[in-house]
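Along the sequence shown, the residues carry numbers beginning at 1.
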Amino acid sequence: MFELAPRLLAALDTGAAIAVATAVDVRGSAPSGTGTSMALLPGGRVVGTVSGGCVEGALFETAEEVLATGTPVLAGFGFEPDGSDDAAENPDALWAPALRCGGRIEVLVHRVTPDDHAIVDALRTAASGAATSLGLSLEAGMLGSVVTPADGCRTRVFTEYAGGRARCIVVGAVEFAVAVTSMAAMLGYAVTVVDPRPVFLTDERFPAAQDLVVGWPPRVLADTAIDERTVVVVLSHDDRFDAEVLDLALRRGAGYVGAMGSRSTHESRLERLRDLGTPDLGRLRSPIGLDIGATTPAELALAVMAEVVTVRTGHSGRPLVTESGPIHERLATA
C-alpha cells in the first residue's frame, strides 16, 4: 500500500473512500512480494498491481463489493479450492486457483475512508519518504494492534513497514543525468543531483529530483548520509573531483558506486584511486551500466539502473531465457 501512497492520498483528500487490496502472504513462485497493492479509486480507476495481471480481474470485483459494503475480504489465489492443502487453515478465505505462476497468495481487501486517521497518517508519512508501519488484523480486516484475545485464540496481524526511501546521488548535471534522475525516481529513489555549476542545476532540467545541490561534490558527499542502500552515480567526467567522490562513496559503504567513462578513463581513475588507498575497488562499476547497446540518454539510464537493481538483488543480469528454475521464487529468495 505504501508504494501507492501519493495516489491514494490524492483520492482520499477529495473526501472519497477507496478500496485497497494488499498481498499479505505470498508462497512459492509469484510475481510480487508481500505488501504490494492495487487500489480501486473513485470513478472505477485502478492503480497498482498485486500479481501482474493474473488475479486483478477478480480483485476488482471484490474491491467493488468491499467499497460498497465496507466489509473486508481475505481472498486467496492459487490454493486448491476443495479444502485440501493450506486452505483448511483459513476456512473464511475465498480461494480461487487463478495464479498462473504456480504460487500462492493471500490478499486483504479493505475499505479506507478519510476518517481512518491512522491509515491516512501512515500514508502521509510514507509519501514524505520517512519510515512508518501499519498493522492490519487479518481476522477483522481492519486496522488493529497485536493483542492476545481473552479466550486465548490466535490473532493474525499483517504489519506493513516502509523503511523510508533509499537515496540516489547523481554527480554531474550532464544531459545523461537528467534521464538517470528520472529513471531512479521512477524506481522509488530519493534523488539528489550535485554539481558545482548552478547554470546546469535547475528545476526545469531535473523535475524528478528531490534535491539539487550546488557545491563541490566531495564536500557535499562528505556531509550527506550514505549507507548500504545508497546509490552513487558519477557522470561528471571531471578529473578534479571524480576520484575523490568515488573514494568517499566506497569508504562510506554505498551499496552501488558507478562511474561513466571509457575503459581508458577507468584505468586512469583506478590509478588515482590506488594512490588514495581506496578500499573495495572491486565494487566500483566502471564503465557504468549493463551492456545493452545503449546510445541515447534514456537507454543509458536504463542500462545504469538495471545494473543498480542487479547489484541490489545479487542477480546476474543475464537473460531469463538462459536460466532455469522458477523465476519469481528466485527473485523472492534474493
Side-chain angles (χ1 to χ4, degrees), residues 165-224 226 229-252 254-273 276 278 280-281 283-312 317:
R165 296 170 67 190
R167 182 187 298 273
C168 176
I169 303 171
V170 179
V171 178
V174 298
E175 193 61 29
F176 286 125
V178 177
V180 170
T181 298
S182 296
M183 184 75 69
M186 187 184 305
L187 291 174
Y189 287 93
V191 185
T192 297
V193 185
V194 183
D195 196 291
R197 305 165 299 173
V199 66
F200 294 108
L201 205 59
T202 64
D203 292 331
E204 290 75 20
R205 293 191 73 212
F206 294 97
Q210 177 172 292
D211 296 303
L212 302 177
V213 182
V214 177
W216 197 245
R219 295 175 192 158
V220 174
L221 264 69
D223 294 330
T224 300
I226 294 176
R229 297 196 306 155
T230 304
V231 171
V232 177
V233 178
V234 178
L235 306 176
S236 43
H237 278 107
D238 196 318
D239 290 340
R240 295 175 298 169
F241 54 72
D242 278 5
E244 191 175 350
V245 167
L246 295 172
D247 175 77
L248 191 153
L250 289 168
R251 289 183 187 275
R252 299 273 295 280
Y256 175 93
V257 183
M260 178 182 284
S262 65
R263 297 194 186 280
S264 60
T265 299
H266 171 65
E267 291 302 323
S268 298
R269 281 197 189 122
L270 281 181
E271 290 183 14
R272 292 195 295 276
L273 290 170
L276 291 171
T278 305
D280 297 331
L281 286 178
R283 293 202 301 111
L284 174 61
R285 297 286 173 153
S286 175
I288 197 170
L290 299 184
D291 182 10
I292 63 171
T295 55
T296 67
E299 291 172 345
L300 176 73
L302 175 62
V304 171
M305 295 313 298
E307 184 176 57
V308 168
V309 173
T310 63
V311 170
R312 176 176 57 83

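Nearest heavy atom pair, residue A306 against residue L290, reads CB-CD1, 3.7 Å. The minimum heavy-atom distance between R165 and G188, with the atom names listed, is NE-O, 3.2 Å. Of all the heavy atoms in F176 and T295, the pair that sits closest is CE2-O, 4.2 Å. Contact record, A243 with L273: O-CD2, 3.3 Å, taken as the closest heavy-atom pair. The two residues L235 and G172 come nearest to each other via the heavy atoms CB-O, 4.5 Å. Residues L201 and A173 approach most closely at CD1-CB, 3.8 Å, considering heavy atoms.
Proximity of Y256 to R285: side-chain heavy atoms (C-beta onward) are separated by under 4.5 Å at one or more points. Taking the side chain as every heavy atom from C-beta outward, Y189 and V170 never approach each other to under 4.5 Å. In this structure the side chain of E307 never reaches within 4.5 angstrom of the side chain of V304, judged on heavy atoms. Two residues are said to be in side-chain contact when any heavy atoms from C-beta on lie closer than 4.5 Å; L187 and V308 fail this criterion. Annotation: side chain of P196 is in contact with side chain of P217 (closest heavy-atom distance under 4.5 Å). The shortest distance between side-chain heavy atoms of L246 and T278 does not fall below 4.5 Å. When side chains are defined from C-beta on, V174 does not count as touching M260, because their heavy atoms never get closer than 4.5 Å.
S268 and T265 are not linked by any side-chain donor-acceptor pair at a separation below 3.5 angstrom, with hydrogens and angles left out of the test.
Using a distance-only test at 3.5 Å, with no hydrogens or angles considered, a donor-acceptor pair links the side chain of R252 to the main chain of T224. E299 places a side-chain N or O within donor-acceptor distance of the main-chain N or O of T296, the cut-off being under 3.5 Å. Checking side-chain atoms of R205 against main-chain N and O of A177 turns up no donor-acceptor pair under 3.5 Å.
A salt bridge does not link D242 with R272: every distance from a Lys NZ or Arg NE/NH1/NH2 to an Asp or Glu carboxylate oxygen is 4.0 Å or more.
The local environment of CZ in R263 is sparse, with at most 12 non-hydrogen atoms from other residues, nucleotides or ligands closer than 6.0 Å.
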Criterion side-chain contact (heavy atoms from CB on, under 4.5 Å) on L284 and H266, from CA distance to verdict
CA-CA 10 Å; L284 174 61; H266 171 65; 4.2 Å; yes
Next item on the list: List the steps and the verdict of side-chain contact (heavy atoms from CB on, under 4.5 Å) for L212 and T202.
Entry: CA-CA 8 Å; L212 302 177; T202 64; 5.6 Å; no
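For the atom pair CD1 (I288) and CG (L300), the distance works out to 7.0 Å, reported to the nearest 0.5 Å. Of the inter-residue distances, the one linking L221 atom CG with I226 atom CD1 reads 4.5 Å to the nearest 0.5 angstrom. Taking CE of M183 as the start and CG of L302 as the end, the distance is 5.0 Å to the nearest 0.5 Å. R269 contributes atom CZ, which lies 10.0 Å from atom OG of S264 (distance to the nearest 0.5 angstrom).
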